[in-house]
Amino acid sequence: EDRLRIGITQNNVGVDSYQTTYETAFKEAAAQRDDVATVVLDAGGDVARQIAQMQDLIQQNVDAIIIWPTNGQAVVPVVRQAHNAGIPVVVTNSNIAEAGQDFIASFSGPNNILQGQYSAEMMCDQLGGEGQIVQITGQPGYTTAIERQKGFEDRLAEICPDVDLMESQPGDWNREKAQRVMEGFLTKYDTIDGVYSGDDNMGVGALNAAKAAGRADEIKFFGATNFAVGYEAMERGEYHGSVYQSPAEDARNALQTAIDVANGEDVPKLNYFDTPKITQDNMSEFEKPVF
Amino acid sequence: MTAQSSLNTQTGDTPLLQLKGVSKSFPGVKALDNVDLDVNAGEVHALLGENGAGKSTLMKVLAGIYHPDEGEIRIEGTPVRMQKPMDAKHMGVLLIHQELSLVPDLSVAENVFLGSLPKRSGLFVNNRELHERCGAILKRLNCRFKSNIPVKHLSVANQQMVEIARALVFTPKVVIFDEPTASLTDYEKVVLFEVIRELKSQGTGIVYISHRMDEIFELSDRITVLRDGQYRGTFATRDTDEEEVTKRMIGRDLESLAEVESPEPGERIIEVHQLGIEGEFRDISFDVHAGEVVGMYGLVGAGRTQVVETLFGIRKPERGTIRIRDELVHLSSPADAIEHGLALVPENRKEQGLVLGMNCRDNTSLPNLAEYTRMGWIDTAKETEVFERYQEQLQIKTPGWYQATLNLSGGNQQKVVIGKWLSTQPSVLILDEPTRGIDVGSKAEIHQLIRDLAKSGLAVIVVSSEMPEILTVSDRILALYNGTLTRVFKRAEITEDDLIRAITGQSADAASEPVASGA
Amino acid sequence: MKASLPMSNSSTVATDNRKRVLQFLGKHGILLAFLLCMMIFSLTTDRFLSTGNLLTVLMQVSILGTIALGVTFVVIGGNLDLSVGSLLSFATVLVVDLHDKVGPTQAIVLTIVFTLIIGAINGTLVGYLKLNSLIVTLGMLSAIQGITLIYTSGQNVDIQDQENTWFAFFGREAIFGIPVPAIIFIGLAIILQVVLLKTAFGRKVFAIGGNGVAAAFSGIYRNRMVFSTYLLSAFTTACAAIILGSRVMGSQNNVGQGYELQVLAGVILGGTSLLGGSGSIMRTVIGILILGFIQNGLLLLGYPYYAQWLVTWVVIILAVWLDIAAKRGRLLNDF
Amino acid sequence: MHAFIQSVKRQPIWLFIIACIIFFSFSNEYFFAVNNFQNILVQTSTIGLIALGMTFVMINGNIDLSVGSTVALAASLAVGLQGALGIPMAVVIGLGAGVLIGAINGLIVWKTGVDAFIVTLGAMIGVRGLVFVYTEEQSFYASNFAYSDFGMSSIFSLPVLALIFIALTIVAHILLKYTLHGRNVYAVGGNRKAAIEAGIKVGPHMLINFMLIGFMAALSGILLSTQMGASTPNLGRDYELWTITAVVLGGTRLNGGAGTIIGTLGGVLAIGILRNGMNLMQVPSFYVLVIMGSILITVLFLDKRLNVTASKGVQI
Ligand SMILES: Nc1ncnc2c1ncn2[C@@H]1O[C@H](COP(=O)(O)OP(=O)(O)OP(=O)(O)O)[C@@H](O)[C@H]1O
Ligand SMILES: Nc1ncnc2c1ncn2[C@@H]1O[C@H](COP(=O)(O)OP(=O)(O)OP(=O)(O)O)[C@@H](O)[C@H]1O
Ligand SMILES: O[C@@H]1[C@@H](O)[C@H](O)OC[C@H]1O
Ligand SMILES: [Mg+2]
Ligand SMILES: [Mg+2]
C-alpha cells in the first residue's frame with residue numbers, strides 16, 4: 001500500500017498532562033488522515049532508549065521521523081544517522097542543538113526562548129520595574145527548560161535591571177518538588193515579589209507553598225505553558241501570567257510538517273506555532289486548557 | 001612454608017608449639033584465663049573441656065582468628081604474632097574447623113586447594129594438576145567421591161572429609177582438629193584416625209578436640225584439660241583414665257545415670273501409621289506412650305530427621321496418618337504441631353534452633369509468645385522469669401538473659417534450645433541429635449533430663465547417631481535404614497549386633513555411602 | 001615475620017578505651033550526628049533554627065518519613081521494598097482522582113484498600129512464593145507505574161474545589177501550630193515503635209528477619225509475617241499519599257519517583273541492618289530527619305540542590321561504618 | 001538430551017529468548033532481519049557491558065548500585081574534556097574516573113565492612129551529585145563528529161559497538177571461567193569466611209572487581225556518548241536496576257557464589273529483544289512498564305520452580 005509511514009519518538013508521555021494530551025491529539029490527528037500510518041513510540045525520558053527507538057524507526061525505513069528530544073544535544077548523531085539513511089526528521093516541541101540543524105528538515109513547536117522573554121516582560125511589567133524574584137526551572141538538561149530560563153534571564157536583565165533574580169532551583173516539571181523548593185525560598189527570603197516557574201504545573205506548586213505560608217498576596221506568579229490549574233488560579237486572581245501553548249496544536253503542527261516533508265514539499269526550517277502571553281486581563285480571549 | 005617446615009627437626013626439648021599465659025575476654029566472659037599449652041612434634045595432644053571451657057577460642061587464637069589479650073605464642077621457640085589467619089598458615093598452623101567452612105558451589109578439588117589453586121601461565125587455573133593432586137589426596141583418605149563434584153552435593157560426613165583433606169595439601173607443622181568426628185560415621189572415623197596417625201609419624205603436631213572420651217584415649221599421647229577458661233593440667237594419656245580427666249573437667253565425679261526402670265506404659269500419646277514421602281522415607285509406623293522414651297537410630301542419611309520434621313509439621317506427608325491422643329491430625333505447620341503439644345529440638349541449632357542475634361530470653365519465649373502476651377503487650381518480666389527458671393534447671397552458662405545467643409558456646413546454645421522447648425510444656429518432646437557437640441558432663445545431664453521428663457509423663461522421641469546414647473536413654477529403639485523402619489527393639493532384647501544389622505539393611509558391610517540428597 | 005612480645009597492660013587499657021568510645025558512638029552516633037548537623041546549620045545560617053523552618057522541615061520529611069516507618073518493618077523482617085515510590089504515585093493519583101468523583105471519605109477508604117491490595121501482591125510474591133524481594137519489588141516498581149499511567153491515561157489529576165474540602169486537613173492544616181502531616185508522621189512513629197518493641201507482632205518481625213528458618217521452626221508463620229510487613233509498608237505509603245495529595249491538591253503520575261531510594265537511605269541511616277533482624281523506628285525517624293535537615297540546611301546556605309547528594313553519600317557511609325565498627329570493636333576490617 | 005534439560009533448567013532465560021524471537025518474528029515483519037539483530041546488539045551493549053562487570057561483583061557476593069551514576073560521570077568527562085584535551089586523553093580520564101569510583105567503593109567495602117549495597121547506594125547518590133557539580137546541570141556535546149562517527153561505525157558491516165560488546169563478553173567469560181581470579185570470585189562469594197581463612201586476599205580481590213565494574217560502567221557510558229556525540233547529566237538513570245535485573249535473569253545468584261557470563265548474556269539479550277520487539281509492535285509505553293515488570297517477576301518465579309533446592313515436602 002502507499003500510505004505514508006511516519007514514526008514519532010516522544011520524550012516522556014505521562015510525566016505531565018501536556019505530553020499526554022499531545023500524544024492523544026497526535027493519534028487523533030493521524031487517525032483522521034487515511035493517507036498516513038504512524039508508529040508512535042515513547043522514550044520514557046531516557047536518551048539511550050530514544051536513540052534505540054530512532055534506530056528501530058530507521059530500520060523500519062519509515063517515510064519521516066518526528067522526534068521530541070529527550071535532550072537537545074544527545075540525539076544529534078542519531079538524527080544525522082536518519083538523515084544519512086535518507087529519512088527526513090522533524091523535531092517537535094523542543095529544538096535540538098545547533099550542530100544538528102543541518103540534518104533536520106524542520107523544527108515544529110513553540111519558540112521557547114521567546115516564551116522565556118514573554119514571561120520576563122510580563123514580570124517586569126507587573127512588578128513595575130523593581131523587586132526581588134526567584135525562579136523554578138524545569139528538568140535540568142532538558143532543552144525547553146534551558147531555553148526558557150535563558151530567554152527569561154537575558155530579557156529580564158535587558159529590560160528590568162532593577163529586578164533582582166535571587167536564586168534558581170529546578171522543580172523537574174514536578175508540582176510537589178516545586179512546592180518544596182518554594183517552601184525553602186520562603187524561609188530563606190523575607191521579601192519575594194515574584195516567582196517565575198518553567199511551567200504552570202510547577203507554578204501552582206509555588207503558589208500552594210506561598211498560600212500555606214500566608215504570603216501569596218505579596219507575590220506575583222508567572223509561568224509558561226498554561227495548564228488548567230494555572231488558568232483557574234488566574235481566574236481566582238492568584239496567578240498573574242503565563243504563556244498559552246496548546247499541545248493539540250503542537251501535535252497537529254508536527255504531524256502536518258512531517259507529512260509535508262515526506263511528500264517532498266518545502267517547509268520553513270523553523271515552524272513555530274503561536275504561543276501568546278496570557279494574563280488576568282486578556283484571559284477571557286482563551287479557552288481553558290483541557291490538560 | 002615448605003622451606004620452614006624443613007627446620008622442624010629440632011631437638012625434642014623445644015616444643016613445636018607453645019602457648020604461655022594466654023588470656024582472651026569477650027564482653028562479659030573471660031573465655032581464656034592464663035592458659036598454657038605445648039605441642040611436640042609427632043604427638044597427638046588432646047584438648048578437653050566442657051562446653052564453653054574455651055577450647056575453640058584457644059584454637060582460634062592459635063590460628064590467628066582472634067588476637068589474645070595477653071600471652072605469648074611460640075613456634076619452635078620463636079615468639080610469633082598472628083595478625084590474621086594467613087599468618088598462622090604461613091607459620092605452618094592449620095585449623096580444621098568445628099563448623100564446616102566450605103564453598104558449597106565449588107568442586108571438591110577447588111575446596112581442598114582453596115587459596116592455593118595450581119596455576120598455569122600465571123593467570124589460569126591448572127585444572128589437570130588440580131584434579132590429579134586432589135584425586136591422590138582423596139585416595140589417601142579412602143574417599144569414594146570424585147574431585148569434580150560440587151561439595152554441596154556431598155553428605156555432611158563427606159563434607160567433613162573434604163575439610164580434612166585440606167590438611168594433606170601441605171605438610172603443616174601443626175594441625176588442629178576441632179571436633180572433627182561430630183558428623184562422621186564410624187567408617188570415616190577409622191579413616192580419619194589413620195590419617196592422623198600418618199601425619200603424626202611424619203612429625204606433625206596434632207591438637208585434637210573432642211567430647212568423645214573413647215576417641216581421646218584411643219588417639220592421644222597427652223591430654224590438656226580446660227575448665228571455665230582456665231588451665232587444669234596436662235596428663236600423659238597412658239598415665240590417666242577417663243574418670244580422672246572427667247573430674248578435672250567438670251570438677252566433680254560424673255554421676256552415672258540412674259538405672260532405667262521399665263516404664264508403666266501410660267496413655268498412647270502419638271501414633272504414626274504408614275507415614276511416607278516419596279523418595280525420602282516410607283511405611284513408617286510406630287507409637288509413643290506417655291512416660292516412654294523412643295530412640296530413633298540409624299546412619300546419617302537414614303531419614304530420621306525427615307520423619308521427625310514431618311511429625312512436627314515442617315514437611316507434608318504424602319501418605320499415612322498421624323494421631324495424637326487417638327485423634328487424627330493434619331499438621332500443616334510447626335504452629336499446628338505446637339498447638340497439639342509437640343516440641344522439636346532440631347538437628348541444627350544455629351540454623352533451625354536459634355535466632356542467633358536475639359538474646360537468650362527472647363529466643364526462649366519465641367514458640368509460645370501468646371502465653372506471655374496480655375492485651376497485645378508482651379510481659380517481659382514473665383519472660384525473664386521463665387528463662388531464668390530454665391537457665392537454672394539446665395545450668396546454662398551465660399552472664400544473663402540479655403546475652404545474644406550468638407555469643408554462647410555450642411553446648412550452651414543447645415541448652416537454650418532445649419529450655420525453649422521445655423518452656424512450651426509439651427506432651428511430646430522430640431530431640432534430634434540432642435547432644436551433638438556437647439561435653440560429657442552436660443551430656444549426662446541431658447540424658448538424665450530426658451529420663452526425668454519421661455518419668456514426669458512426657459512422650460519423648462530421641463534421634464541420635466551415637467549408639468551409647470541411644471542405648472542409655474531409650475525404652476524402645478526404632479532402627480531406620482534408607483528411609484524404612486527395619487526393626488523395633490524393646491530395651492530388654494537389644495544386642496549391639498542386631499542393632500547394627502538393622503540400621504545397615506540386615507548386613508553390617510552394606511554400610512555404604514548414602515547417596516547425595518541435596519540440590 | 002614480626003616477633004612480638006606479650007601486649008603490655010597499658011596498651012590493653014588503651015584498646016579498651018577505644019572500644020568503649022566506638023561502642024558509644026555506635027549506639028548514640030546517629031543522635032550525635034543529628035545534633036552536630038543541627039549545630040552546624042544553626043551556626044552558619046540564622047534562618048535555620050527558627051520555629052517556622054523547623055516545622056517546615058518536619059512537614060517536608062513527613063511524607064518520606066511516614067513511608068519509611070513501614071519500610072523499616074519490611075527491612076527488619078529481612079526484605080526490601082523498592083516499590084514504595086511507585087506505590088506512592090499510585091495512591092496519590094488515586095486519592096486525588098477519587099476525591100472529586102466519590103467524595104473525600106470514600107476516596108480515602110478506597111485508596112487505602114487498593115494500596116493494600118498492591119501491598120498484598122508484594123507480600124504474596126515475597127512471603128508465600130519466597131521470591132527475592134529486591135527483584136520482586138523492582139518489577140513491581142515498573143508495573144505499578146504502568147498501572148498508574150493506564151489508570152489516568154497519563155493525565156495529571158487535580159482537585160477542583162481546593163478551598164472548601166476538609167481533605168485539606170491532612171496536608172495543609174495545623175493543630176496548635178504544628179502541621180498535621182508532622183503530627184501524622186510522629187503519631188504513627190510512636191505507635192509503630194511500640195508495636196515493634198512491645199508486641200508479639202514486633203517480636204516476630206525481628207525473629208523472621210534474624211533467622212527465618214528458626215522462626216518457622218518455632219511455630220511462627222513466616223510467610224504470613226512477611227506478608228504483613230508488606231501490608232504495613234503499603235499502609236504507611238497510603239497515609240503518605242493522603243498527606244501528599246492533600247498538600248498539593250493534585251498529582252502527577254510520577255510524584256513518587258525516586259522516593260524508594262531516599263526512604264531506604266533514611267532507614268539505613270537510622271542503622272537498620274539490611275540483613276534483617278535489627279533496627280528501630282525511633283532511629284529511622286532520626287535518619288529521615290537528618291536527610292531532611294541536610295537538604296534544608298544546604299538550601300538555606302545557598303548551595304545548589306545537588307550538593308545535598310554529596311553530603312548524603314558521606315553521611316550514610318560514616319553512619320553505617322560507625323555502627324559496624326562498634327559491633328566489631330575496631331574501625332577497620334582486616335581481611 | 002539430559003544435559004540439555006539440565007542447562008535449560010539452569011538458564012531458563014534462553015528458552016524465553018527463543019520464545020520471544022519466534023513470537024516477534026511472526027507478529028512483526030521487521031523483526032527477523034539481520035539489521036534488526038545488529039540494532040539489538042548495539043542497544044544491549046550499554047547495559048550489557050555493565051552487566052559483565054556486575055556478574056563478577058554479584059557472584060562475589062556484592063552488588064553495585066552506582067553504575068548508572070558512573071555512566072554519566074564518565075560520559076560527561078569524556079565529552080566535556082575533549083575540547084581542551086583531545087579525544088584520547090578525555091576518554092582515558094573518563095575511564096579512569098570509572099575505575100576510581102570503583103576503587104573507592106571497593107576500598108570502603110573492604111576496609112569498613114559496610115555492606116556493598118549501602119556503600120554503592122551512597123555512591124549512586126553522591127556520584128550523581130558529582131556529575132551535577134561538574135556539569136552544572138548542562139549537557140555537553142562533541143563538536144567533533146569523528147567522535148559520534150565512531151559510535152555509529154561498522155567493521156565488516158558489523159557495528160563497532162556490537163563487536164566491542166561481543167569481544168568483551170568473550171574476555172569476561174574466559175576471565176571468570178578459567179583464571180585463578182575467576183575461580184576466587186566464586187570462592188569469595190560462596191563463603192567469604194572460608195575464603196579469608198584459606199588465605200585468599202579477599203579485600204584486594206573484591207577491590208579489583210569493583211574497579212572492573214567501574215571500568216565497564218565508564219566504558220559503557222563513553223560508548224553511549226559516542227552514539228550520542230554528547231553527554232547528559234541524567235544519563236544512566238535506572239541502569240543499575242536493569243543491569244541487576246539482566247544479571248539475575250541470567251541466573252546469577254543474588255547472594256553470590258553462582259552465575260555465568262553466558263547466562264548474563266542471555267539476560268541482557270532477553271531484555272533487549274523484549275524492548276525492541278515491543279517497540280516494533282508499538283506496544284503503548286504504559287503497558288510496556290507493566291509487561292516488563294510482570295515478566296521480570298515471572299521469570300524469577302519460573303527459575304525458582306525449576307531449581308527447587310529445598311528438600312521434598314518442606315512446607316514452611
Ligand atoms: N565471639 C564471642 N563473643 C562473646 N563470647 C564468646 C564469643 N566466642 C566465645 N565466647 C564465649 O567464650 C567461652 C568459650 O567459648 P568456646 O567456643 O571457646 O568454647 P568451647 O570450649 O569450644 O565449647 P564447645 O565444646 O561447646 O565448642 C564461652 O563462654 C562462650 O560463650
Ligand atoms: N549435604 C547436605 N547438604 C545440605 N543439607 C543436607 C545434606 N545432607 C543432608 N542434608 C539435609 O540435612 C537433613 C538431614 O539429613 P541427613 O542426611 O542427615 O538424614 P537423617 O537421617 O535425617 O540424618 P541424621 O541421621 O543425621 O538424623 C535433611 O533435611 C537433609 O535434606
Ligand atoms: O510542561 C512542559 C511544557 O511546557 C513543554 O512545552 O513540554 C514539556 C512539558 O513537560
Ligand atoms: Mg568449640
Ligand atoms: Mg538428621
Side-chain angles (χ1 to χ4, degrees), chain B residues 63-65 84-90 94-95 97 99-107 110-127 130 150-152 163 166 276-280 305-306 309-310 312-318 331-335 517-519, chain D residues 6 9-10 58-61 110-111 113 171-205 208 251-260 263 303-304 306-316:
Chain B
I65 296 168
K84 42 184 180 321
M86 252 343 258
D87 296 350
K89 254 198 183 170
H90 282 307
L94 191 82
L95 171 64
H97 276 273
E99 272 91 35
L100 291 171
S101 73
L102 299 171
V103 184
D105 284 278
L106 287 188
S107 70
E110 285 159 339
N111 269 288
V112 171
F113 285 83
L114 200 65
S116 54
L117 292 167
K119 275 185 276 191
R120 191 158 47 83
S121 45
L123 190 63
F124 295 95
V125 176
N126 188 339
N127 276 320
L130 172 67
V151 290
K152 67 176 175 190
E163 187 92 38
R166 287 176 171 172
I277 295 178
E278 192 67 41
E280 303 275 324
T305 297
Q306 284 84 339
E309 283 180 355
T310 307
F312 197 59
I314 290 161
R315 291 165 193 261
K316 193 182 171 70
E318 291 172 349
L331 304 172
S332 62
S333 65
S517 61
Chain D
Q6 279 307 310
K9 269 189 145 186
R10 237 172 291 130
M58 285 180 66
I59 296 177
N60 223 185
W110 166 14
K111 288 295 178 188
V171 172
H173 177 72
I174 292 173
L175 187 60
L176 185 59
K177 182 134 194 214
Y178 299 105
T179 67
L180 206 66
H181 179 80
R183 212 61 62 92
N184 287 346
V185 169
Y186 290 95
V188 170
N191 187 342
R192 188 187 290 190
K193 221 169 122 204
I196 293 171
E197 277 161 19
I200 295 172
K201 296 204 169 61
V202 169
H205 168 88
I208 289 174
T252 292
R253 194 186 299 147
L254 264 158
N255 312 329
T260 60
D303 185 54
K304 177 122 188 167
L306 288 173
N307 298 307
V308 214
T309 42
S311 348
K312 233 183 137 207
V314 173
Q315 57 183 357
I316 56 166

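So you know, we letter chains A, B, ... as the sequences are listed, proteins then strands, and number each from 1. Computed from a predicted structure; not experimentally measured.
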When you measure from the side chain of [X] to the backbone N and O of [Y], does any donor-acceptor pair fall under 3.5 Å?
X      : Y      : value
D/Y186 : D/K177 : no
D/N60  : D/V188 : no
B/R120 : B/N127 : no
B/E318 : B/E278 : yes

Would you mind telling me which of B/K119, B/E110, B/R166 has the largest number of heavy-atom pairs within less than 4.5 Å of chain D?
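Counting heavy-atom pairs under 4.5 Å, the top option is B/E110.
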
Which residue out of B/S116, B/P104, B/G313, B/S121 racks up the most heavy-atom pairs below 4.5 Å with chain D?
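The residue among B/S116, B/P104, B/G313, B/S121 with the greatest pair count is B/G313.
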
Restricting to non-hydrogen atoms, name the atom on [X] and the atom on [Y] that form the minimum distance, rounded to 0.1 Å.
X      : Y      : result
B/P118 : B/F113 : CD-CD2, 4.2 Å
D/G259 : D/T252 : CA-OG1, 3.6 Å
D/T260 : D/I59  : N-CD1, 4.3 Å
B/A63  : B/A88  : O-CB, 3.3 Å

Chain D contact via B/L94 - side chain, backbone, both or neither, heavy atoms under 4.5 Å
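Neither part.
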
What part of B/L106 gets within 4.5 angstrom of chain D, counting heavy atoms only: side chain, backbone, both, or neither?
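For B/L106, side-chain heavy atoms alone lie under 4.5 Å from chain D.
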
Does any backbone or side-chain atom of D/R253 lie under 4.5 Å from a heavy atom of chain B? Answer side chain, backbone, both or neither.
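Contact with chain B is through the side chain of D/R253 alone.
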
Residues 196-205 of chain D: residues contacting chain B (heavy atom under 4.5 Å, by number):
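When heavy atoms of chain B are the reference, residues 196-205 of chain D contributes D/I196, D/E197, D/A198, D/G199, D/I200 within the under-4.5 Å range.
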
